[in-house]
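Would you mind keeping the following structure in view while I ask a few things?
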2 protein chains.
Amino acid sequence: MGTSKLHNYNKKQLSLATITHALAHPARIAILQFISKQKSCICGSIVDELSLSQATISQHLKVLKEAGLLKGTISGASTCYCINEKEWEKAKVLLHQFMNTKFNAPNTSCCS
Amino acid sequence: MGTSKLHNYNKKQLSLATITHALAHPARIAILQFISKQKSCICGSIVDELSLSQATISQHLKVLKEAGLLKGTISGASTCYCINEKEWEKAKVLLHQFMNTKFNAPNTSCCS
DNA sequence: CTTTTTCATCGTAATATTGCGATGAATAGA
DNA sequence: TCTATTCATCGCAATATTACGATGAAAAAG
């Protein structure tokens with residue numbers, strides 16, 4: 001994340017940024033939607049679905065895995081990717097908390 | 001967003017990516033939390049709160065404004081920033097929908 | 001054993017982001 | 001008028017991202 005001053009932020013802020021960072025590309029959104037829709041989580045089929053090269057998909061999968069949103073299990077020659085539901089649930093809670101931040105009254109009245 | 005193939009994605013995917021992209025930095029998370037917590041939305045006080053230069057804060061505010069999450073109204077010498085509650089509500093709904101994607105049974109059983 | 005399939009990793013080029021200082025415009029106060 | 005104050009914008013350097021092809025490892029198919 002560039003020359004980021006990460007020490008200035010608390011854990012929740014950093015977790016939120018990690019999650020949103022992982023989601024911050026339409027290809028990764030599409031990959032997650034595809035995986036959650038599929039009956040099986042075969043990786044190669046994502047390459048057919050999205051018109052991106054296998055290497056690019058692999059990089060996006062890596063970002064999602066590093067953020068903890070995906071699990072990958074080696075299954076023979078291919079790797080099985082699926083949602084890390086435990087982490088997904090954590091992410092959902094964090095995002096929900098953040099998005100439901102209460103606004104103080106003055107904010108609703110200014111910037112008409 | 002680099003050499004992104006944006007034409008391959010639908011509107012919801014692009015909107016989600018725009019929103020998460022805007023949230024994908026702890027400084028911007030902190031800025032949003034600060035604005036929502038403050039009684040008034042004076043911009044300069046963010047510079048004091050976070051240990052980042054005024055120019056850097058200004059750039060983050062620009063990203064948030066471009067994503068539609070913030071509104072900025074010129075108020076004399078200073079600019080008043082606040083949450084764009086209409087857009088914030090839209091973002092909340094989109095994120096909620098996406099995070100509550102139903103997983104098919106096979107996903108829960110693979111990648112043990 | 002050889003070939004194919006499958007996916008990860010490396011190297012690369014183009015582009016975007018992050019952060020800062022410097023500059024500039026525009027209002028507020030002396 | 002002169003001087004702060006306030007914030008946006010420009011320019012820059014360092015780093016990260018996006019995307020691809022090429023290469024490599026490891027299992028499956030022949």
Side-chain angles (χ1 to χ4, degrees), chain A residues 1-9 13-14 17-18 20-31 34-35 40-67 70-82 110-111, chain B residues 1-9 13-14 17-18 20-31 34-35 40-67 70-82 110-111:
Chain A
M1 238 180 253
T3 328
S4 251
K5 296 178 152 189
L6 299 179
H7 50 281
N8 290 320
Y9 310 104
Q13 288 169 333
L14 291 172
T18 301
T20 49
H21 173 78
L23 300 178
H25 196 286
R28 292 196 288 271
I29 298 279
I31 287 172
F34 183 72
I35 290 183
S40 70
C41 44
I42 300 155
C43 171
S45 51
I46 300 170
V47 179
D48 303 330
E49 181 78 0
L50 311 184
S51 56
L52 290 172
S53 81
Q54 185 272 321
T56 302
I57 298 285
S58 188
Q59 271 188 321
H60 283 305
L61 287 171
K62 192 182 172 190
V63 172
L64 289 168
K65 208 160 65 177
E66 279 174 355
L70 282 188
K71 281 193 291 188
T73 313
I74 296 164
S75 155
S78 61
T79 299
C80 164
Y81 282 100
C82 34
C110 79
C111 298
Chain B
M1 235 178 260
T3 329
S4 247
K5 296 178 148 190
L6 299 179
H7 51 281
N8 291 318
Y9 310 103
Q13 288 169 334
L14 291 172
T18 300
T20 49
H21 173 78
L23 300 179
H25 196 284
R28 291 196 288 271
I29 299 280
I31 287 172
F34 184 73
I35 289 183
S40 70
C41 43
I42 300 156
C43 170
S45 51
I46 300 169
V47 179
D48 303 331
E49 180 78 1
L50 311 184
S51 55
L52 290 172
S53 79
Q54 182 272 321
T56 302
I57 298 286
S58 188
Q59 270 188 322
H60 284 305
L61 287 170
K62 192 182 172 188
V63 172
L64 289 168
K65 210 160 63 177
E66 279 174 355
L70 281 188
K71 281 193 292 188
T73 313
I74 296 164
S75 154
S78 62
T79 298
C80 164
Y81 282 100
C82 34
C110 80
C111 298

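Every chain is numbered from 1, with letters handed out A, B, ... down the list of sequences.
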Measure from the side chain of B:A55, starting at C-beta and using heavy atoms only, and say which of D:dT18, D:dT9, C:dT9 lies closest.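 Minimum distance to the B:A55 side chain belongs to D:dT9.
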
Is the backbone of A:A17 close enough, under 3.5 Å, to the side chain of B:R28 for a donor and an acceptor to pair up by distance?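 No.
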
Send over the distance from A:H25 NE2 to C:dA16 P, rounded to a whole Å.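 My rounded result for the distance is 11 Å.
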
Measuring from B:I35:CD1 to B:I46:CD1, what's the distance to the nearest 0.5 Å?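 If I round to the nearest 0.5 Å, the distance is 4.0 Å.
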
Separation of D:dC7 P from B:I35 CD1 (nearest whole Å):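 Those two atoms, CD1 and P, are 11 Å apart.
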
What integer distance in Å separates A:K62:NZ from D:dA16:C1'?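 After rounding, the gap between these two atoms is 13 Å.
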
How many Å lie between NE2 on A:H21 and P on C:dA16, as a whole number?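 Distance, rounded to whole Å: 16 Å.
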
Nearest whole Å is fine: how far is D:dT18 P from A:E66 CD?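 In whole Å, D:dT18 P and A:E66 CD are 12 Å from each other.
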
Between CD1 of B:I29 and NE2 of B:H60, what distance do you get to the nearest 0.5 Å?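 Those atoms lie 11.5 Å apart.
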
A:L52 CG - D:dC20 C1' separation (whole Å):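 Taking atom C1' of D:dC20 as the reference, CG of A:L52 is at 10 Å.
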
CD1 of A:I29 versus P of D:dT18: gap in Å, rounded?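 That distance rounds to 12 Å.
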
Ignoring hydrogens and geometry, is there a side-chain-to-backbone donor-acceptor pair from B:S58 to B:Q54 under 3.5 Å?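 Not confirmed, B:S58 side chain does not pair with B:Q54 backbone.
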
For a quick test of reading the model: is some side-chain N or O of B:H60 closer than 4.0 Å to OP1 or OP2 of C:dT17?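 B:H60 to C:dT17 OP1/OP2: no side-chain N or O under 4.0 Å.
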
Minimum-distance nucleotide to B:T56 side chain [options: C:dG19, D:dC20, D:dA19]: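 Of the options given, the side chain of B:T56 lies nearest C:dG19.
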
With nearest nucleotides of DNA chain C determined for B:V63 and A:Q59 from heavy-atom distances, which residue corresponds to the more 5′ nucleotide?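 Result of the comparison: A:Q59.
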
Provide, to the nearest angstrom, the distance between the CD1 atom belonging to A:I57 and the P atom belonging to D:dT17.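 Taking atom P of D:dT17 as the reference, CD1 of A:I57 is at 17 Å.
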
In terms of the nearest nucleotide of DNA chain C, which residue is placed more toward the 5' end: B:A27 or B:Q54?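 Checking each residue's closest nucleotide, the 5'-ward one belongs to B:A27.
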
